[in-house]
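Just so it is clear, the model here is predicted, and its values are computed rather than measured. When reading the values below, keep in mind they use all heavy atoms of this one structure, side chains included, and skip hydrogens, waters and symmetry mates.
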Amino acid sequence: MTHGDIARRETKVLSRSSVMVCAAAALALAGCSSGDDGKAAEPTDETVVTATVSDPPPSPASPSLSPSSPSSASPSASVPASASPTPVPVTGPDQKLVTMTVSGGFAGVNREVILRGDGTVRTTDSGESAVRRTTTAQFTTLRTLLGDPALADVPAFAIDMGSADKFQYTLQFDGRTVMTDRSADEPALDRLIGALEKWLPTN
């Protein structure tokens with residue numbers, strides 16, 4: 001065997017060795033990329049992405065468009081309060097708004113007070129007469145007492161017949177006549193009498 005034959009045989013052996021090395025490397029790579037069941041190997045570590053969605057900020061409460069429901073206000077069952085007194089109207093200067101006569105008592109007096117539309121007060125006591133003029137405030141006060149609605153409930157006759165020594169008051173106003181000795185409790189009438197008595201002369 002010549003040196004050329006030996007060289008060619010060594011070249012073939014080296015070529016076969018290279019082929020076997022390449023094949024072995026290819027098998028090793030294939031084993032790394034395939035699992036035991038021949039399928040492609042899946043990654044063992046899983047990356048879990050968690051997305052946190054924050055709650056939206058609460059929207060401001062919008063004002064209610066519906067009207068607030070009214071409170072259950074039932075009609076009051078109580079008796080309504082009396083209307084406030086208003087001054088009686090004046091129709092003319094000669095109008096007699098009220099006339100009050102005082103009689104009786106131990107001495108048997110006879111006095112009279114007349115309030116006229118011009119604001120004057122005429123008094124008579126034991127036959128002597130006098131005329132005085134009220135101020136605007138006094139005139140309004142007397143007219144307001146005459147305009148008290150409670151006077152409509154005063155009886156026309158309220159005299160204790162068993163007491164002969166009491167003063168008797170006869171009042172004429174608003175088209176009616178009232179007689180009383182003030183023995184009954186009539187606040188509106190008592191206020192009017194007390195205001196008119198102040199204009200009588202003091203003895």
Side-chain angles (χ1 to χ4, degrees), residues 64-203:
S64 177
L65 297 180
S66 60
S68 59
S69 59
S71 59
S72 56
S74 57
S76 175
S78 61
V79 179
S82 300
S84 345
T86 55
V88 294
V90 177
T91 59
D94 295 332
Q95 176 189 7
K96 291 183 179 181
L97 296 175
V98 59
T99 299
M100 182 180 74
T101 302
V102 184
S103 59
F106 289 109
V109 300
N110 188 4
R111 296 178 171 182
E112 185 180 66
V113 180
I114 301 175
L115 175 64
R116 301 173 66 90
D118 59 357
T120 59
V121 176
R122 181 186 181 90
T123 61
T124 303
D125 183 16
S126 301
E128 296 183 4
S129 298
V131 176
R132 287 182 290 172
R133 181 170 296 276
T134 63
T135 64
T136 301
Q138 291 170 334
F139 191 43
T140 301
T141 298
L142 291 171
R143 289 168 52 224
T144 302
L145 292 173
L146 284 167
D148 194 333
L151 290 176
D153 299 328
V154 173
F157 188 85
I159 292 178
D160 183 6
M161 302 304 294
S163 300
D165 57 346
K166 288 182 176 294
F167 289 115
Q168 295 183 1
Y169 301 84
T170 303
L171 292 94
Q172 295 175 325
F173 60 94
D174 196 25
R176 59 183 304 213
T177 299
V178 174
M179 296 181 66
T180 179
D181 59 1
R182 306 183 73 174
S183 58
D185 185 19
E186 298 292 347
L189 184 61
D190 287 339
R191 286 192 292 268
L192 177 59
I193 292 174
L196 292 173
E197 273 188 321
K198 293 178 180 179
W199 292 91
L200 290 171
T202 58
N203 295 329

Pairwise side-chain contact, D125 with L200, heavy-atom cut-off 4.5 Å (strictly under)
no
Among all residues two or more places apart in sequence or in another chain, which pass the side-chain contact (heavy atoms from CB on, under 4.5 Å) test with T91?
Q95
With sequence neighbours left out, which residue pairs that include part of residues 99-108 fulfil the side chain to side chain donor-acceptor pair (under 3.5 Å) condition?
none
Is a donor on one side and an acceptor on the other found under 3.5 Å between the side chain of T134 and the backbone of G119?
yes
For R132 and K198 the tightest heavy-atom approach is NH2-O, 4.5 Å
Can I get a per-line list of side-chain donor-acceptor pairs under 3.5 Å for residues 143-159, giving both atom names and the distance, sequence neighbours left out?
| from | atom 1 | to | atom 2 | distance (Å) |
| --- | --- | --- | --- | --- |
| R143 | NE | V88 | O | 2.9 |
| R143 | NH2 | V88 | O | 3.0 |
| T144 | OG1 | T140 | O | 2.7 |
| D148 | OD1 | A150 | N | 3.0 |
| D148 | OD2 | R191 | NH2 | 3.0 |

Kindly say whether E112 contributes a backbone atom to a donor-acceptor pair with the side chain of R122 at under 3.5 angstrom?
no
State, yes or no, whether a side-chain contact exists between F139 and V90 at a heavy-atom distance under 4.5 Å.
yes
If we only count heavy atoms from C-beta on, is the E197 to R111 side-chain gap below 4.5 Å?
no
How far apart are the closest heavy atoms of W199 and T123, and which atoms are they?
O-CG2, 3.3 Å
Value rounded to 0.5 Å, distance of NZ in K96 from CG in L115:
11.5 Å
What is the distance from atom OG1 of T177 to atom CD of Q172, rounded to the nearest 0.5 Å?
4.0 Å
Quick one: are L97 and L142 in side-chain contact, heavy atoms under 4.5 Å?
no
At what distance, to the nearest 0.5 angstrom, does CD of Q168 lie from CG of N110?
11.5 Å
Gap between atom CD1 of I193 and atom CZ of F167 - 0.5 Å precision:
12.5 Å
Checking R182 against Y169: charged group under 6.0 Å from the ring centre and within 45 degrees of the axis?
yes
So which heavy atom on D118 is nearest to which on R133, and how close?
O-NH1, 2.8 Å
Could you grab the distance from atom CG of D190 to atom OG1 of T180, nearest 0.5 Å is fine?
7.0 Å
